[in-house]
Protein chains: 2
Amino acid sequence: MTSTSSPFRTAEQKLEDRAAKRNAVLRAAVQMFNARGFHATSLDDVAASLGISKPTIYHYLGNKDQILLECLKLGLQQLLEAVAQARTLPGSGFDRLVRFLECYAEVMMDDFGRCVIRTPQESLTPQSLPEYRDIKRKIDAAMRELIEEGIADGSIAALDSRLLSFTLAGALNWTARWHNPDGEQDVGEIASTMVDILANGFTPANRPPPG
Amino acid sequence: MTSTSSPFRTAEQKLEDRAAKRNAVLRAAVQMFNARGFHATSLDDVAASLGISKPTIYHYLGNKDQILLECLKLGLQQLLEAVAQARTLPGSGFDRLVRFLECYAEVMMDDFGRCVIRTPQESLTPQSLPEYRDIKRKIDAAMRELIEEGIADGSIAALDSRLLSFTLAGALNWTARWHNPDGEQDVGEIASTMVDILANGFTPANRPPPG
DNA sequence: AACTCAACCTACTCACGAGTAGAGAATATT
DNA sequence: AATATTCTCTACTCGTGAGTAGGTTGAGTT
């Protein structure tokens, strides 16, 4: 799109072109999946929204199942990054968990993050499910670890880490269902307000929150 | 099934019979919807699980859409009852909200409650959606009211009631996704532990929880 | 005995949508 | 210029599953 570029594309540019088209398909698909549901979205619909035909989609992606899997992986990828970021952070376990939760909430208000919550995992074929579940398991485990580190260093109340992680994840996951991406409310603000509320639930009793 | 009953059934018994069969269809259907997903469940499957044929299902219920709507309504009905119960309770707004949340969580671990969360609302036809949404709206509004009453009487922290209700509902809704109905953990215990954690999030700062 | 009606069946129709065959245009390669 | 490769299309196939037509059985009614 740079106006000064030569009309003759290099091999590298062509790869980028292809990747860009592939991504455009995924983006269009995930938005339709989120709006109408996976099963109610036909690939003809997705193609039409891009002004192309269904076989063109198959030129860039294997089949509908793979399209969904890619969308889900793009969502989960962002959560893995949030984990990685939280891991490198200084401060107490409490601080790291809070930061992680804020990122987590923001991902849930992104197209691909929303898809992870809105699309039931049974929509995947049995072939794709294991790969998806593996990544999910990793994220769950990482979150539990963050909690347990906080409990160990005394910055998080000694609760059942399993139940706590489900409670926190559930509250944040739910934003994928109610948040309107076209609304004007700031995503970061929503995230931090919710995490504030939730954080009171795992603040140790002997160390009340600031306020 | 009473061994002393006459083999000749009264008209009333026949109506009961019919209702029982209808309910059996709904129960079988909802369990399959929850296990495999709505779209992945064919009515032939449901019929087979009951040892009957698909037309028999149509003898008791109009169509697949209506079956889903009935299942969802059975779930929402239980939530409406939880609202009604909380309304009649004595005590502060905080107390009423906590009781409501506990019931809410338990419903989410019931077959029909699970279905409300696990089945995307887009699975309903556009004809059925409005009715479903109306009931949901009522429940949401009631929850917000409970929160606002608590804020008004000072027993609940002065937070954004909209965001607080989404946070609480989301955390509890999520049990519908992770809780294993065949597991041994007590539903009431899960509910009260989660509500305890969440309640810390809306306890006023100047009145710390017991402990 | 003749009739009615609920309950249940087998055996269809029919629409929809995933995925494909095969061709044509555009672009790159020799 | 000839050839290969990429990209995209139109026009199919084909399986699946919702919903229906129409018949059988058997209990209750007149």
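Since the structure is predicted, the reported quantities are computational estimates derived from the model, not experimental observations.
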Checklist entry - Does any residue of residues 58-74 of chain B have a heavy atom under 4.0 Å from DNA chain C, and if so, which ones, in number order? => result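 Here the set is B:H59, B:Y60.
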
Item to check | Interface with DNA chain D, restricted to residues 18-50 of chain A and to heavy atoms under 4.0 Å | outcome: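 Those residues are A:R18, A:K21.
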
Next on the checklist: I need the full list of side chain to side chain donor-acceptor pair (under 3.5 Å) pairs touching residues 67-91 of chain A, with sequence neighbours left out, sorted by first then second residue.
Outcome noted: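 Counting only pairs at least two positions apart or across chains, the side chain to side chain donor-acceptor pair (under 3.5 Å) contacts touching residues 67-91 of chain A are A:R22-A:E70, A:K73-A:E131, A:Q78-A:D110, A:R87-A:E145.
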
Next on the checklist: According to ring-ring contact (aromatic ring centres under 6.0 Å, His included), does anything in residues 103-130 of chain A pair up with another residue at least two apart or in another chain? List the pairs.
Outcome noted: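 Only A:F100-A:Y104 qualify under ring-ring contact (aromatic ring centres under 6.0 Å, His included).
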
Item to check | Selection residues 44-70 of chain A - residue pairs positive for ring-ring contact (aromatic ring centres under 6.0 Å, His included), sequence neighbours left out | outcome: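 Listed by first then second residue: nothing to list.
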
Checklist entry - To the nearest angstrom, how far is A:D17 atom CG from D:dT8 atom C1'? => result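 Distance check: A:D17 CG to D:dT8 C1' gives 15 Å.
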
Checklist entry - Can you name the residues that form a ring-ring contact (aromatic ring centres under 6.0 Å, His included) with A:H179, not counting sequence neighbours? => result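 Result, ring-ring contact (aromatic ring centres under 6.0 Å, His included) vs A:H179: none returned.
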
Checklist entry - Counting only side-chain N and O atoms of B:T56, is one of them less than 4.0 Å from OP1 or OP2 of C:dC9? => result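 Indeed, a polar side-chain atom of B:T56 lies that close.
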
Checklist entry - Do any side-chain nitrogens or oxygens of B:S53 fall under 4.0 Å of OP1 or OP2 in C:dC9? => result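 For C:dC9, OP1/OP2 do have a side-chain N/O of B:S53 under 4.0 Å.
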
Item to check | Qualifying salt bridge (Lys or Arg N to Asp or Glu O under 4.0 Å) pairs with a residue from residues 172-185 of chain B, counting only residues at least two apart or across chains | outcome: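 Non-adjacent pairs meeting salt bridge (Lys or Arg N to Asp or Glu O under 4.0 Å): zero.
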
Results of side-chain contact (heavy atoms from CB on, under 4.5 Å) for [X] - residues two or more places apart only:
X	value
A:L89	A:R96, A:R99
B:D44	B:S42, B:K54
B:D140	none

Pair up each side-chain donor or acceptor in residues 26-34 of chain A with any protein partner under 3.5 Å, not counting sequence neighbours, and list the distances.
| from | atom 1 | to | atom 2 | distance (Å) |
| --- | --- | --- | --- | --- |
| A:R27 | NH1 | A:D111 | OD2 | 3.0 |
| A:Q31 | NE2 | A:D111 | OD2 | 2.9 |
| A:N34 | OD1 | A:C115 | N | 3.4 |
| A:N34 | ND2 | A:V30 | O | 3.3 |
| A:N34 | ND2 | A:D111 | O | 2.9 |

Next on the checklist: Under 3.5 Å, is there a donor on one side chain and an acceptor on the other for B:D95 and B:S92?
Outcome noted: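 There is such a pair (donor and acceptor under 3.5 Å, judged by atom type) between the side chains of B:D95 and B:S92.
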
Next on the checklist: Tell me whether the side-chain N or O atoms of B:K54 pair up with the base of D:dG19 as donor and acceptor below 3.5 Å, since no angle test is needed here.
Outcome noted: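 Flag set: donor-acceptor pair detected.
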
Find every protein N or O atom lying less than 3.5 Å from an N or O atom of nucleotides 22-26 of chain C, and list the pairs.
none

